[in-house]
Every structure is written in C-alpha cells, then in structure tokens.
Amino acid sequence: MANCKKCGAVLSFNEVGLYKKLIDMEPKEFLCKSCLAEYFNCSTDLLDKKIGHFIYLGCTLFENNCD
Ligand SMILES: [Zn+2]
C-alpha cells in the first residue's frame, strides 16, 4: 500500500482511488484524504461524499467498506 507524500499516513484503498480519480490516473506518489482536503481547500466530508458517489457509480477504484 502507498503512503501519503505529505504526512506519511498509510493510504486506504479508497484514498488511493480518490487520488487517481481527482489528480492522476498513474500516480507515482499519493496524498491521503486529509492532505487532499487541504490541497483542494475543502472538507474531508466532501471527499467522503465523492467516494460514496464513485462507489454508487460502480467505479472499480473504490470499495464499499468502512475504512
Ligand atoms: Zn497526508
């Protein structure tokens, strides 16, 4: 599993998927959800909603579990 390039947190499957979806489909480095929220200047709640939406759409970059 990947680590956040900023804070070093271990990324969940869905955080990796979110980074790919929003930033780069073939990333060499990743940001965790809280660092992504900072990057976009939005709340982690909004990112959770986006993850939920991608799961709803059936996107294979995400899995429906509690992470
Ligand atoms: Zn981070």
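Just so we're clear, the structure is a prediction, and the values are computed from it rather than from any experiment. Read the numbers this way: they start at 1 and go in the same order the structure lists the ligands and their atoms.
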(request) Mind running side-chain contact (heavy atoms from CB on, under 4.5 Å) on I23 and L36 for me, showing each step along the way? (result) CA-CA 10 Å; I23 311 272; L36 262 185; 3.9 Å; yes
(message) For the Zn ion (ligand 1), what is the number of protein N, O or S atoms at a distance under 2.8 Å?
(response)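 For the Zn ion (ligand 1), protein nitrogen, oxygen or sulfur atoms under 2.8 Å: 4.
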(request) Examine L18 and L46 and state if one hydrophobic cluster contains both, with Ile, Leu, Val, Met, Phe, Trp and Tyr joined whenever side-chain heavy atoms are less than 4.5 Å apart. (result)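 Different clusters: L18 never reaches L46 through Ile, Leu, Val, Met, Phe, Trp or Tyr contacts under 4.5 Å.
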(message) With ring-ring contact (aromatic ring centres under 6.0 Å, His included) as the rule and sequence neighbours excluded, what pairs involving residues 20-50 come up?
(response)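 Sorted result for residues 20-50: Y19-F30.
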(request) Please collect all salt bridge (charged side-chain N to carboxylate O under 4.0 Å, His left out) contacts where either partner lies in residues 50-60, sequence neighbours excluded, each pair once. (result)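 Counting only pairs at least two positions apart or across chains, no salt bridge (charged side-chain N to carboxylate O under 4.0 Å, His left out) contact touches residues 50-60.
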(request) Only counting residues at least two apart or in another chain, list the ones meeting side chain to side chain donor-acceptor pair (under 3.5 Å) with K20. (result)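 With sequence neighbours excluded, K20 shows a side chain to side chain donor-acceptor pair (under 3.5 Å) to no residue whatsoever.
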(message) For a side-chain contact (heavy atoms from CB on, under 4.5 Å) check, start with the C-alpha distance between I55 and E63, then their side-chain angles and the critical distance, and finish with the verdict.
(response) CA-CA 7 Å; I55 289 169; E63 61 188 2; over 6 Å; no
